[in-house]
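Report on the structure given below.
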Amino acid sequence: MPTDPRERRAARHAGLPTDSASTAPRKTPITADRITDAALQVIATEGYDALTIRRVAAVLGTGPSSLYAHILNKDDLDDLLVGRLCAEIRLPEPDPASWREQIHDVYAQLRDVYLKYPGVSRAALAMVPTHLETLRLGEGILAILLAGGIEPQAAAWALDALTLYVSAYTLERSLVRQRQRNHDDNWVLGREELIERFSALPAAEFPHTRRHAAELTSGTGHDRFDFALTLMLDNLSRRPRA
C-alpha cells in the first residue's frame, strides 16, 4: 500500500484500495473510513466548529500522528466528509420531462443530509471536489440539467450556483439552531416579536417594511428553500439556447 499520504489520497480518489489485507490485528486499525466516521460523530454531537484532527484522534483513542498516515490535513478530512455525505444521495435516471422535479429532489436530499450534521456544509464551501462520490453527484446533476435542454455552459454554472445555495442555506439553518439552543443569546427573535419590531419602525423611512412585516417573516419548514430553488430552475429553463 502507498506509504506517502499524498499517494494514499490519490489512490483513494482513483477508487483504488489503499490498505492491503492482513492477519487479524490486535486493535482495530485506523482507516480513512474510521476517521470519517469519527469526524461525523464529532459534528453530530458538537457541531462542525468543534472538528479538529486532535478531536477526531481522541474519539478514535489514538494520537493525531496516527491520522496523518491516512489524511493530509483538515482540508483532506473535509473532502472525505463531503464525499461520504454525497454517497448518500440517490440519483435518478435523467428524464427530460421531469428534470426540474429531479433536480429539486436531489438538492432536497443534500439539504437534509447536511442538516443532520450542524455546520458540515461549511466543509463544501471553497473546496475543489476530488472525492469520487462528490464527483458522482456533480456528474448526476449535470446529466439531469443537460437532459432538460439546458446548454452546457449554463448547466455548469447552474450546478455551481445551486450547490452553493444549498450549502449556504443549510449553514444558516445550523447557525440559527445553534443560537436557539443558547438560551442566553438574545439574538434569536420569534416571528411575533419581529413583526412587532418591524411594525414599530418609522413609517417615513420604512413604509414597505412596516406594511409587509408579515410577508417578510413568513415561511415555515423549507418554504423559502423550495421558493428559491423553484425560482432559479424556472429562470434557468427560460434561458435561450446559444
Distance in Å, Asp112 CG paired with Tyr107 OH, rounded so as to fall on 0.5 Å steps: 14.5 Å
Is the backbone of Glu88 close enough, under 3.5 Å, to the side chain of Glu133 for a donor and an acceptor to pair up by distance? no
Distance-minimising heavy-atom pair for Gln102 and Pro94: OE1-CA, 3.6 Å
How close do Val59 and Ala38 get, heavy atom to heavy atom, and via which atoms? CG1-CB, 3.8 Å
Just so I know, are the side chains of Ile43 and Lys116 near enough to count as touching, which here means a heavy-atom distance under 4.5 Å? no
Determine whether Arg238 and Asn235 make a side-chain contact, defined as any pair of heavy atoms from C-beta on separated by less than 4.5 Å. yes
Taking C-beta and beyond as the side chain, do Ile103 and Ile141 meet within less than 4.5 Å on heavy atoms? yes
Is the closest side-chain donor-acceptor distance between Arg173 and Tyr169 under 3.5 Å? yes
Which residue in the set Asp78, Asp49, Thr170 passes side chain to side chain donor-acceptor pair (under 3.5 Å) when paired with Arg122? Asp49
Is there side-chain contact between Leu77 and Leu67, with at least one heavy-atom pair below 4.5 Å? no
Please find the pair of heavy atoms, one from Asn73 and one from Tyr68, that lie closest to each other, and give the distance. CA-CE2, 4.3 Å
So does Pro29 get a backbone contact from the side chain of Arg34, meaning a donor-acceptor N/O pair under 3.5 Å? yes
Leu216 CG to Arg191 CZ distance, which is reported to the nearest 0.5 Å: 10.0 Å
Say whether, by atom type as modelled, one donor and one acceptor occur between the side chain of Arg210 and the main chain of Leu201 under 3.5 angstrom. yes
With side chains defined as the heavy atoms from C-beta onward, is the minimum distance between Pro152 and Leu142 less than 4.5 Å? no
Distance col, row Ser199:OG vs Phe206:CZ, nearest 0.5 angstrom, shows 13.0 Å
Which pair of non-hydrogen atoms, one from Pro129 and one from Leu135, has the smallest distance, and what is that distance? O-CD2, 3.8 Å
State, with a plain yes or no, whether a side-chain heavy atom of Trp99 is found less than 4.5 Å away from one of Leu233. yes
Hey, does the side chain of Arg136 reach the backbone of Gly83 with a donor-acceptor pair shorter than 3.5 angstrom? no
Under the 3.5 angstrom rule, does the side chain of Asp223 hit a backbone N or O of Thr220 as a donor-acceptor pair? yes
Under 6.0 Å from the CD atom of Glu46, do we count more than 12 heavy atoms belonging to anything else shown? yes
Are the charged groups of Arg90 and Asp105 less than 4.0 angstrom apart, N to O? no
So among Thr36, Thr134, Leu40, which one has a side-chain contact (heavy atoms from CB on, under 4.5 Å) with Leu85? Leu40
Consider side-chain contact (heavy atoms from CB on, under 4.5 Å). Of Leu80, Leu137, Val82, which one does His131 pass it with? Leu80
Does the side chain of Leu236 come within less than 4.5 Å of Leu145's, by heavy atoms? yes
Hydrophobic cluster (4.5 angstrom, side-chain heavy atoms) - remaining members for Leu231: Phe227
Arg197 side chain near Thr217 side chain, heavy-atom distance below 4.5 Å: no
Polar side chain donor-acceptor pair, Asp226 to His104, under 3.5 angstrom: yes
Determine the minimum heavy-atom distance between Leu91 and Gly140, stating which atoms define it. CD1-CA, 3.8 Å
Check whether more than 12 heavy atoms from other residues, nucleotides or ligands sit under 6.0 Å from atom CD of Glu196, and answer yes or no. no
Mark yes or no for whether Arg55, through its side chain, and Ala39, through its backbone, hold a donor-acceptor pair below 3.5 Å. no
What heavy-atom pair brings Ser66 and Ile30 nearest, and what distance separates the two atoms? O-CG2, 4.3 Å
Hydrophobic clustering (ILVMFWY, side-chain heavy atoms < 4.5 Å, transitive) - are Val113 and Leu115 grouped together? no
Whether the side chain of Ser174 engages the backbone of Pro118 through a donor-acceptor N/O pair (distance < 3.5 Å, no angle test) should be reported. no
Between His70 and Asp76, does a side chain to side chain contact (heavy atoms under 4.5 Å, CB included) hold up when you go through it step by step? CA-CA 10 Å; His70 304 274; Asp76 195 20; over 6 Å; no
How far does CE of Met127 sit from CG of Asp75, to the nearest 0.5 angstrom? 9.5 Å
Return the CG to CG distance between Asp37 and Leu60, rounded to the nearest 0.5 Å. 8.5 Å
